[in-house]
Amino acid sequence: MTPQVASVSFIFSKFQNRFIETLQNQYSSVCREEIEDLYQDTFIIVVENLKNGKVAMEANWWGYIITVGRNQLSKRLRKKSISNLNEQDGNYSKSNKHDEEELQMVEDAQDNLNNDRWEIVETILSQFPEKAAAAITDKYFENLSDKEIAEKRNFANAATVKAKRCQIMKKIKEGLKDRVA
């Protein structure tokens, strides 16, 4: 087993339960088996993006995986919604097929935009010291409070964390505004 395959395998198992639990809590109407399938599909996308250079091995894996997973779940739920409407109509026409193709094009464009945004965020975060960048991932992907981040990352206090986070978020917003308009 190559080191890269071992790393990917480790990442797959490391986040699987957390992914499933997170999405089950957020989307209680979706059954566990569907979320397990979603995790596998999500991981295939993540590995493809890794192969294509869309994400670096040093990425915040949890944030990236959960973002891709939520996007994929959102697609599935929208498709189910369209399918249910068509079944209720009893009238699956060519225009409905066209609507699905149009929806797929919009979703593909949205995925590309999300990948572009993710790359921009990663680039901006890499410009800051690791400790400061970690405050962002801890806050927005781990849902830690500023106080918890201060303790975890050895900041002086929660106010310092908040100041660093605000500084970085300002740069991220500027970067996204400048590059993805």
Side-chain angles (χ1 to χ4, degrees), residues 3-4 6-30 32 34-36 38-43 45-47 49-50 53-78 110-181:
Q4 192 172 19
S7 296
V8 170
S9 180
F10 171 76
I11 292 167
F12 180 86
S13 29
K14 178 179 179 182
F15 295 115
Q16 186 173 18
N17 288 334
R18 185 174 175 194
F19 179 94
I20 292 166
E21 289 170 12
T22 299
L23 291 183
Q24 275 190 310
N25 290 336
Q26 292 175 347
Y27 302 92
S28 57
S29 63
V30 179
R32 181 178 177 90
E34 190 169 349
I35 293 174
E36 288 171 352
L38 177 71
Y39 185 70
Q40 291 176 5
D41 293 345
T42 296
F43 216 79
I45 292 167
V46 168
V47 169
N49 287 346
L50 180 63
K54 292 183 178 181
V55 62
M57 279 301 289
E58 303 79 37
N60 171 352
W61 286 104
W62 170 246
Y64 191 71
I65 290 167
I66 197 67
T67 300
V68 172
R70 285 181 179 136
N71 287 340
Q72 292 303 308
L73 182 57
S74 176
K75 280 183 184 181
R76 287 182 182 191
L77 293 174
R78 277 184 270 154
Q110 187 178 30
D111 280 347
N112 289 336
L113 183 59
N114 286 338
N115 286 337
D116 291 345
R117 287 179 178 161
W118 182 256
E119 289 172 14
I120 291 167
V121 169
E122 281 186 323
T123 301
I124 293 168
L125 285 176
S126 71
Q127 296 169 5
F128 287 90
E130 185 177 339
K131 182 176 167 179
I136 296 294
T137 56
D138 288 346
K139 179 71 174 183
Y140 297 106
F141 297 113
E142 305 289 332
N143 296 322
L144 297 179
S145 69
D146 289 341
K147 182 179 177 184
E148 292 169 322
I149 296 168
E151 292 169 3
K152 179 179 179 182
R153 302 288 177 188
N154 297 319
F155 282 97
N157 54 43
T160 305
V161 172
K162 183 176 180 180
K164 285 287 182 193
R165 194 170 33 80
C166 289
Q167 176 189 15
I168 294 172
M169 288 306 295
K170 182 178 178 184
K171 290 282 188 190
I172 289 172
K173 287 177 184 174
E174 289 170 3
L176 288 173
K177 183 178 166 186
D178 293 343
R179 299 180 198 167
V180 183

Notebook entry, point to check: Could you go step by step and tell me if Ser74 and Asn71 meet the side chain to side chain donor-acceptor pair (under 3.5 Å) rule?
Noted result: CA-CA 5 Å; Ser74 176; Asn71 287 340; over 6 Å; no
Note to self: Could you walk me through whether Phe155 and Lys131 satisfy the side-chain contact (heavy atoms from CB on, under 4.5 Å) test, starting with their C-alpha distance in whole Å, then the side-chain angles of each, then the deciding distance to 0.1 Å, before giving a yes or no?
What the structure shows: CA-CA 9 Å; Phe155 282 97; Lys131 182 176 167 179; 3.6 Å; yes
Item checked: Derivation and outcome, side-chain contact (heavy atoms from CB on, under 4.5 Å), residues Phe128 and Gln167 -> CA-CA 10 Å; Phe128 287 90; Gln167 176 189 15; 4.2 Å; yes
Next item on the list: Evaluate the side-chain contact (heavy atoms from CB on, under 4.5 Å) criterion for residues Gln72 and Lys75: first the C-alpha distance (whole Å), next the side-chain angles of each, then the deciding distance (0.1 Å), finally the verdict.
Entry: CA-CA 5 Å; Gln72 292 303 308; Lys75 280 183 184 181; 3.7 Å; yes
Next item on the list: Before giving the answer on side-chain contact (heavy atoms from CB on, under 4.5 Å), spell out for Ile66 and Thr22 the whole-Å C-alpha distance, their side-chain angles and the decisive distance to 0.1 Å.
Entry: CA-CA 9 Å; Ile66 197 67; Thr22 299; 4.0 Å; yes
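The closest side-chain heavy-atom distance from Leu23 to Val30 is not below 4.5 Å.
Nearest heavy-atom pair, Ala150 versus Ala158, reported as atom, atom and distance to 0.1 Å: CB-N, 3.9 Å. Between Ala135 and Val161, the shortest heavy-atom contact is CB-CG1, 4.3 Å. Considering every non-hydrogen atom in both Lys171 and Ile124, the closest pair reads O-CD1, 3.6 Å. Gln26 and Arg70 make their closest contact through NE2-NH2, 2.8 Å (heavy atoms, listed as atom of the first residue, atom of the second, distance).
Lys147 NZ to Lys162 NZ: the interatomic distance, rounded to the nearest 0.5 Å, is 16.0 Å. Here the OG1-CD1 distance, from Thr42 to Ile35, works out to 10.5 Å after rounding to the nearest 0.5 Å. The NZ atom of Lys173 sits 8.0 Å away from atom SG of Cys166, with the distance rounded to the nearest 0.5 Å. Between the CD1 atom in Ile172 and the OG1 atom in Thr123 there is a gap of 10.5 Å [rounded to 0.5 Å]. Considering CD1 of Ile20 and CZ of Arg18, their distance stands at 13.0 Å, rounded to 0.5 Å. If you take CZ on Arg165 and CG on Asp146, they are separated by 4.0 Å, rounding to the nearest 0.5 Å.
Around the NZ atom of Lys14, the shell of radius 6.0 Å holds no more than 12 heavy atoms that belong to other residues, nucleotides or ligands. Shown here is Lys139, whose NZ atom has more than 12 heavy atoms of other residues, nucleotides or ligands within 6.0 Å.
The ring pair (Phe, Tyr, Trp, His ring centres under 6.0 Å) search around Phe19 returns Tyr39, not counting sequence neighbours.
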